[in-house]
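I have placed the structure first, in the form of structure tokens, so that the comments after it can refer back to it.
None of these values were measured; they are calculated from a predicted model.
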Amino acid sequence: MPRGSSRAPLIVRNAKLSDVPAIVELSYRAYEASGIEGYREAAIIGQINTCPEGQFVCVQGDRVLGYCATFRISGELALKP
């Protein structure tokens, strides 16, 4: 943290189930202008439960500022026509 700054550091970590409400709210705010509905709670819970190592949040203090969802599939499935 820069000298004289009172802000908490930005931290990127794996998402937890306790982050779900903040992720849902963030997604609705992010997609609102484009008319796309944000993520539903069940979808985020499913992502975290299915592939916890691929779900990330960026937090500052106790505030979720960003979310990234990834998943892995087999090469055979990914390369199908």
Side-chain angles (χ1 to χ4, degrees):
M1 186 169 8
R3 196 178 295 185
S5 175
S6 61
R7 286 189 174 182
L10 289 174
I11 298 171
V12 176
R13 62 165 171 76
N14 286 106
K16 301 182 263 186
L17 290 175
S18 60
D19 296 320
V20 170
I23 293 168
V24 169
E25 190 219 334
L26 177 67
S27 75
Y28 272 83
R29 285 188 296 140
Y31 293 121
E32 180 179 48
S34 62
I36 299 171
E37 187 174 310
Y39 300 127
R40 296 184 188 269
E41 190 172 287
I44 302 300
I45 291 170
Q47 290 172 345
I48 292 171
N49 285 334
T50 302
C51 185
E53 66 278 3
Q55 315 314 310
F56 301 93
V57 289
C58 177
V59 296
Q60 186 172 46
D62 61 354
R63 187 169 178 214
V64 174
L65 301 177
Y67 174 65
C68 175
T70 67
F71 62 95
R72 294 177 69 176
I73 59 175
S74 71
E76 181 180 301
L77 180 60
L79 298 174
K80 276 188 171 181

Task: Interatomic spacing from CD1 in Ile45 to CZ in Arg40 - rounded to 0.5 Å - done: 13.0 Å
Task: Same apolar cluster (I L V M F W Y, side chains within < 4.5 Å links), Ile44/Ile36 - done: yes
Task: Tyr28: partners by side-chain contact (heavy atoms from CB on, under 4.5 Å), with sequence neighbours left out - done: Val24, Glu37
- [ ] Quick one: which residue pairs count as a side chain to side chain donor-acceptor pair (under 3.5 Å) with a foot in residues 49-64, not counting sequence neighbours?
- [x] Gln55-Tyr67
TODO: Flag yes if Ile11 and Val20 sit in one hydrophobic cluster, no otherwise; membership is Ile, Leu, Val, Met, Phe, Trp, Tyr, and two members link when side-chain heavy atoms are under 4.5 Å apart.
DONE: yes
Task: Heavy-atom closest pair, residues Ala15 and Ile23 - done: CB-CD1, 4.2 Å
Task: Heavy-atom pair of closest approach, residues Gly61 and Ala8 - done: N-CB, 3.7 Å
Task: Same cluster (ILVMFWY, side-chain, under 4.5 Å), Val12 and Leu26 - done: no
Open item on the list: Applying salt bridge (Lys or Arg N to Asp or Glu O under 4.0 Å) as the test, list every pair that has at least one member in residues 17-31; sequence neighbours left out.
Closed with: Arg13-Asp19, Glu25-Arg29
- [ ] Working to the nearest 0.5 Å, report the span between CD1 of Ile48 and OG of Ser18.
- [x] 8.0 Å
Open item on the list: How close do Thr70 and Cys51 get, counting heavy atoms only, and between which atoms?
Closed with: O-SG, 4.0 Å
Open item on the list: Quick check: closest heavy atoms across Val64 and Val57, and the distance to 0.1 Å?
Closed with: CG1-CG1, 4.1 Å
